[in-house]
Each structure stands twice: as C-alpha cells, then as structure tokens.
Number of protein chains: 2
Amino acid sequence: MVVTGHTSSEGAPGEGAPGQGTPAERGPGGETARSVSIRDVAAAAGVSYQTVSRVINGHPSVKGSTRDRVLGTIAELGFRPNRAARALAGGTAQSVTVLTSNTTLYGYAAVLEGVEEAARTADFAVGVRVVESAEPDAVRDAVARATEAAGALIVLAFDRAGAAALAAVPDGVHLVATVETPVGEAGAGRPWVWINDREAAVTATRYLLGLGHRTVHHVAIPSSAETGQRLAGWQSALAAADAGIPPAIQAGWDSRSGYQAGRALAADPAVTAVLCGNDDLALGVTRAMIEAGRAVPGDVSIVGFDDTPQSAYFVPALTTVRLDFTELGRAAFALLHERISGRPATVARLDPELIIRESSGPPPTGGA
Amino acid sequence: MVVTGHTSSEGAPGEGAPGQGTPAERGPGGETARSVSIRDVAAAAGVSYQTVSRVINGHPSVKGSTRDRVLGTIAELGFRPNRAARALAGGTAQSVTVLTSNTTLYGYAAVLEGVEEAARTADFAVGVRVVESAEPDAVRDAVARATEAAGALIVLAFDRAGAAALAAVPDGVHLVATVETPVGEAGAGRPWVWINDREAAVTATRYLLGLGHRTVHHVAIPSSAETGQRLAGWQSALAAADAGIPPAIQAGWDSRSGYQAGRALAADPAVTAVLCGNDDLALGVTRAMIEAGRAVPGDVSIVGFDDTPQSAYFVPALTTVRLDFTELGRAAFALLHERISGRPATVARLDPELIIRESSGPPPTGGA
DNA sequence: GCGAAAATTGTGACCGGTCACACGGCGCGA
DNA sequence: TCGCGCCGTGTGACCGGTCACAATTTTCGC
C-alpha cells in the first residue's frame, strides 16, 4: 500500500552493464559511458564525420553503399544524435515549450495534447513549463526558463497567469499564443490562435432563452481579463433579448467551486437556467441543485462549456458547448511552425457547437 | 465562431522591433537578431567570458563590484543563457522528458503534473513525448526522440505502449519508470516507483463483500501485462473470500467504454456490485445502470478507482479508491534526481485510501 | 584517351557555453 | 625584502553537431 521509490539492486542486469560496442572510455569506477558521437561512427565506418552527418540527415548526395555502411555502424554502435549539439550548431532548436498555468484541467490538457501531436509529426520536441501565478516573480522566472529551454514558445493565455506570461515574453522569441480574445492587451502585436468563446456563449444563452427561460444565470470561470469572453457573450445575448442580467457568480475552475455557486443559486427560486463556464462547474452546480431538491432539467436547466469526454455520461447528461481544444493546440503549433520554417500552414477553421443533451429544457410551467 | 490562425499585421508593435541593445547584427531585411552570448556580455562589461560564466553560475570567487557590473550588463543586454550550449558543454542536461501513451487521462495527467512540479523546483526543464502505440516502430521512434532530447527519462509504463517503451530504452540513459507492478519484465533491472494498485483493489473488493454482496464484478482498464494489478487484486480478494469469480469485462479507459460494459452488466440481475478500473469507467457504468432502471446504490453498488476531482460531485457521488498520482510523479522525479545528482532523496510513502461516498451500499434485500 | 562537369567526400571554422589550467597582484610570515 | 599561497581573472581546448567550401573521385561527351 505504498508508493515506493526503489533502486533495483546495484549491478542489476541492464544497469550500467557494459554496452556491446560503446567506444568511449569508462572511468575505472564504472561510470556511465560517454555517448557515441558522429566522429566515433565516422572512425568506425572509415568515413569523415561530415559524411555521417549527411547520412543521418538524409542528404541525397551520399553513395548508396557508403550510406548503408554508415547506417550499419550507427546501429551497431547505438549512436543517437545529440539534440543539444544539433540545436547549438544548426541554430534551429526544433522544439517548442508550452507555457501554461495548468496541465490537468480539460481545456489546457487538451491543447497540450494537440500541440504535442502536431509537434511530434513535425519532429519537434515539446516541453512544458507551468507558471504558478500571475505574480511578477513567478512569471519572470517561468518565461526566463521557458525561453532558455527552447527555440519557440506556445503560451496558453486563457487566464491571468498565462496572460501575464505572454506579456512578459521578450521580443525575438518565436511565439504563438492561445488567447481568450485577440484584442486583449496581452496579445497585442503577437500571433495568436483562438476559439470564439464569446459567440459560443451567445449561442448557448440564446438557446436557453429560446426554450422560454426569462433569463439565464452565469457561473463564471476565471479569465485573463476583467470580464471573460464567455461572460461577455452571455451578457450581450441577454441584453440583445432584453432579458434581465443577473449578477454573474465568479467561481474557479473545479466542481467544488461550481457546487458552492450552485448552492447559492439553488436558494433562489427565480433561477431556472444556468450557463456554466465549464463542464466541471456545471457538474458541481447540477449536484447542488439536485441536493436542494430542484430537478434538472425539470426545475432548472444547466448548460456547460467545453464538452469534456465525461459530460455525455453525467446524470443527467450535460448540454454543453463543444470546443475543440485539441484542434486549437494543433493550430497553434501549425502557426508556430509556419513562422519558424517560413512554410505556410493551413489552419483549420472550426466552430463551437452546441450539444443538446438532457440537462436543459423548458422552464417549469408553474415557475418563475 | 472560428479558430483563427492569425498573424497580427506585419510590423506590428512588439514584433521584430529593434531591441534597445541587442548587439548582434540584423540582416538588412529585418531578420531576427542572433541572441546575446556571454561573449557579447563580456565585451560590453569589459571582462572575460569566463567571468560572465562565473557570475551566471553564482561562482563565489568573483569580486562584488565585478559581479554587479556584469549583472547590470546582463540585464541591459537581455542576455539569456542558452540551454543547449550549456547542456552540450557541461554534460548535464538538467532536463527530463516524460514518455507516456497519453497526457489527458486523469492518472497520466496527474503524474505529469507531479513531475513538472518537482522538476521545476529542481530547475529542470521537462519535456513530453507520447508513444502512440505499442508497435515496435512507434516505440522505437518515441524512445529515440525522447532520449536525444534530454538527459533523463521518466517512463509511464502503466499500459502496453508505456511498458514497451520502457523495455526499449537503451542502457546508459538516466531513467525512472512508474509501473503497475515492479515484478513485470518491463521493469526488470530498472529503477521504478509505483502505487500498490493490487492492494487497493483488494481493499475495495473486500469492502463490497463486507457490505453483503455475494460477489463483485469488475470492469477492467487496459493494463501493461496480461492481467492488470487491479484485476489481480480483485480476483485474489474474491478467492480469499470464497466468492465466485465472474469473468472480468475488459474495457478501455473512457466513460463510453464503461457505458458499454455497464449495459452488459445491467442485463444480468445477479450483478449487485461492480468495481471499475477507474472513475471514468465507473461513470459510464453508473449511467448505463440508471438507464436500465437499476438504482445506484439501491440495486447496484459501484466503486471506482483514482478519485478524480469530479467524482465527489457525480450523482450519486462515487465511492472510489484515492490514488495520489501527483505524488507519484513527484516521487519519480525525486528518484531520478537522486540518481543523476547522487544526492539522496526521500520518497514519500503514501497509501491508497478508500473513499466511501454514495454509490455503494448493501445489496438489495430481496435481490440475489 | 582527355578534359570538364557532376557526384562524392573531406576539412576547417563555428554555435555558446563549460572545464582545466595559467597568470598577475596582493597579504603575510620568515 | 623575498617567497609563498590565495584571490580574482583570463586563455585555450572542447562538447557534438552544422555550415561553407575545398578536394577528390566518377561519369561522360567527343
């Protein structure tokens, strides 16, 4: 029943055992061997190091027989090119690091997944660095580390910490940001990629209004700015429909925070529809409503945001707005790659989509 | 309503604007400046490059006045040390890459979070590389890329792809694995870190049996071996209690897969208790049960695994086994760091904990 | 069979740091 | 006053690749 850190017994098979052909000298104490370099390979294959370099880079002007011989030697010696050396000499690092305030929340994790996937197919290494907070020290440090680690940066600027980090990135660094809204000051003058959260919120709000609800309440996630885009969209849709605009409840990201908001909302019988800033919040709100004896969607309709993989299996299944964060990540990388390599990329367009499931419906007939 | 890749207008503020003091020459076309090196700083501060190196590394034998002058110049020129050069010259890369088959599933994401956190405080850069499958080509490629990118590796070997990757890591690479079970062949002879899933499964199964259930069914997640440790624990607890051992249902990781398994289970009235390989599966199973008209926990008790942040807010709230994956990630890094730096680390011990909530209870009285 | 173009291969310098070692100046005991 | 050790600093080589260019084959037309 424990997490155990355990070093398998010293001298165990496979650990520090002399490799079959690694040439570099080991210290007498059995230290780790120095890794095989192209010069080692060259010597063993009887060619120059440049030829080895050509072979590993697939350069065309190498005779077939030579190539085969070198390739054989490479396999035999277990040669692996050193990325640091390559980056240093070649100038181009072939790596991105993702700068974010979080790696586990659905949206962030999905963007990261998309970036990794795209980066992998482009043969880029990907790094991750989290910015713990929006405090200047934390931000400065994070940006410094991230920029020294890689040639390029993708900053997830959905929240305060991310936006602060984005603003702190020095010029001359290859950079793409994923932002809430392109007009924010943090994103000024820098290439970005986004999902139109605002429009998505408008759509969701209109949908609820169309169902007959007098108004829609909102439980908001933290944002990168004073008012988030989801909140702004909700407000504007309400205004456009001449519906009352109740105060938004500012929450965090997680279900616990949604639950607390939900308890407050459940106490108010006028609440018949709630738009939540994400699906986790929606889960918490739903639970609070049900605990308070208010049926979902019978008494209260609840709509989420993001369409996490779980939300279709909630009870009731959650009506939500699907946002393709993974694709957003891919797009961010594509844009970055384009700026680094000059090769233009096509960035997919994709629309948020309202997924209507069980948690929403018309307001109660006798209700508000 | 679109994801938009957009390069803010050329010549926009902040993009390629001449830095106030970057010395390196720009091409006439306004290309990006070469970055500032220690030699640039040295020249500007009137010292040798070695002195600059000493300053940035906090070497003690530098006169205070010199240090201040150099530090001033560094700030003025916006110098950032180049990690690649440092790794190349110093031998030690100060970076880990996490090799995993997935980055978004709760367990994996949490381990990654823990690794990142620990690595960050140790001033290590962290990379991520996913292994798409257990196929030899994919594995070989992933391992090759991962090892060339960094000096050290943490392999998440919970599943087939991860275990295959672990087995494929060449000797001489700093490595720690997170494994399902330390006796597996993949982990042989390599340092590892683990959570005792087996015991946790025993505990959960015993708990259900103790509630009065005749037996417990199991919906299994994919595993790194023939039979996973969670499954093995479940089996052994059943055997120890002389309960019948129904065939386990092999599922995937996600709620959809749990839902399918749940439908099958719901059709069998003898099923009164289900232990699920993770919380997502449990969510799907629960939904399937409820759809089939079987109350949870009235007719069927459901227990999950992992304690994801959402599971407390499910309806009904999920009984589950809490596993601290984040701590596991921290432990993995600590162990790795110890092996790299020689400095011994203390690895926390922590126990899986059964969290009893609403989804489990005694079997129906009139039932099986 | 010969010269030139094309195909291959090799050489030297360099990327931006670090290491090992050398060097000048100073305080101090003999 | 001299020699020694220490402090602070500078010099040269090197890490493992890449680039630009030179040198060496081949290939081929005539």
Side-chain angles (χ1 to χ4, degrees), chain A residues 22-25 27 32-70 73-74 77-95 125 147-151, chain B residues 22-25 32-70 74 77-95 125 147-151:
Chain A
T22 44
E25 58 295 319
T32 315
R34 272 236 321 288
S35 64
V36 190
S37 79
I38 55 169
R39 277 152 170 113
D40 297 325
V41 174
V47 298
S48 76
Y49 53 81
Q50 180 60 270
T51 299
V52 177
S53 174
R54 290 197 181 95
V55 169
I56 59 186
N57 290 302
H59 195 91
S61 72
V62 177
K63 210 193 320 186
S65 58
T66 310
R67 176 192 313 282
D68 292 345
R69 184 151 40 94
V70 171
T73 312
I74 284 176
L77 262 43
F79 165 80
R80 288 171 285 118
N82 179 322
R83 196 146 201 149
R86 188 173 272 177
L88 184 57
T92 144
Q94 294 283 98
S95 78
T147 52
E148 80 185 49
Chain B
T22 44
E25 58 295 317
T32 315
R34 272 238 318 290
S35 65
V36 190
S37 78
I38 56 169
R39 279 156 168 104
D40 297 325
V41 174
V47 296
S48 76
Y49 54 81
Q50 180 59 269
T51 298
V52 177
S53 174
R54 290 195 181 96
V55 170
I56 59 185
N57 290 302
H59 196 90
S61 73
V62 176
K63 211 195 316 190
S65 58
T66 310
R67 175 191 316 282
D68 292 344
R69 184 151 39 94
V70 171
I74 285 176
L77 262 45
F79 166 78
R80 288 172 287 118
N82 179 322
R83 197 147 200 146
R86 187 173 274 178
L88 185 57
T92 143
Q94 295 282 98
S95 77
T147 52
E148 79 185 49

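Below, read A as the first sequence line, B as the second, and so on, with proteins coming before strands; counting in each chain starts at 1. On a predicted model such as this, the values are computed, not experimentally measured, just so you know.
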- Let me know the distance between CD1 of A:Ile74 and P of D:dG16, rounded to the nearest Å. 15 Å
- C:dT9 phosphate, OP1 or OP2, under 4.0 Å from A:Ser48 side-chain N/O: no
- Contacts of B:Val52 and A:Arg69 projected onto DNA chain C by closest heavy atom; the upstream (5') one is A:Arg69
- Identify the heavy atoms of B:Ala42 and B:Ser48 that sit nearest to each other, and give their distance. CB-C, 3.6 Å
- Over how many whole Å does the gap from A:Gln94 atom CD to D:dT18 atom C1' extend? 13 Å
- Query: What's the closest nucleotide to the A:Asn82 side chain, out of D:dG10, D:dG17, C:dG16?
  - Reply: D:dG17
- Contact nearer the 5' end of DNA chain D, comparing B:Ala85 with B:Thr51: B:Thr51
- Query: Taking CD1 from A:Ile38 and C1' from D:dC14, how many angstroms apart are they, rounded to a whole number?
  - Reply: 14 Å
Listed pairs, N/O of protein and of nucleotides 19-25 of chain C, under 3.5 Å:
{"from": "C:dC19", "atom 1": "N4", "to": "B:Gln50", "atom 2": "NE2", "distance (Å)": "2.4"}
{"from": "C:dA20", "atom 1": "N6", "to": "B:Gln50", "atom 2": "NE2", "distance (Å)": "3.0"}

- Nucleotide C:dC14, atom C1' - distance to CG of A:Leu88 in whole Å: 9 Å
- Let me know the distance between CZ of A:Phe79 and P of D:dG16, rounded to the nearest Å. 10 Å
Name every donor-acceptor pair, under 3.5 Å, that has one atom in a side chain of residues 53-67 of chain A and the other anywhere in the protein, sequence neighbours excluded.
{"from": "A:Asn57", "atom 1": "ND2", "to": "A:Ser53", "atom 2": "O", "distance (Å)": "2.9"}
{"from": "A:Arg67", "atom 1": "NH2", "to": "A:His59", "atom 2": "O", "distance (Å)": "3.4"}

- Look up atom CZ in A:Arg86 and atom CG in B:Leu88, then write down how far apart they are to the nearest 0.5 Å. 13.0 Å
- Query: How close or far is atom C1' of D:dC6 from atom NZ of B:Lys63, stated in whole angstroms?
  - Reply: 14 Å
- Could you give the distance from CD1 (B:Ile38) to CG (B:Leu77), rounded to the nearest 0.5 Å? 13.0 Å
- Task: Compare every heavy atom of A:Thr73 with every heavy atom of A:Ala44, then report the nearest pair and how far apart it is.
- Result: CB-CG2, 3.5 Å
- Rounding to a whole Å, what distance do you find between B:Ile56:CD1 and C:dT18:C1'? 10 Å
- Item | Any donor-acceptor N/O pair under 3.5 Å between C:dG16 base and B:Arg86 side chain | no
- Task: For A:Phe79 and A:Ser37, work out which heavy atoms get closest and say how close.
- Result: CE1-C, 3.7 Å
- Just to confirm, is there a sub-4.0 Å distance from OP1 or OP2 of D:dG8 to any side-chain nitrogen or oxygen of B:Thr66? no
- Query: With a non-hydrogen cut-off below 4.0 angstrom, is B:Arg67 in contact with a base, only sugar-phosphate, or nothing?
  - Reply: nothing
- Query: Between D:dC15 and A:Ser37, is there an OP1 or OP2 to side-chain N/O distance shorter than 4.0 Å?
  - Reply: no
- Counting heavy atoms from C-beta on, name the nucleotide in C:dG16, D:dG17, D:dT9 closest to the side chain of B:Ser61. D:dT9
- Note on the structure: When rounded to whole Å, the NE2 to C1' distance for the pair A:His59 and D:dG17 reads 16 Å
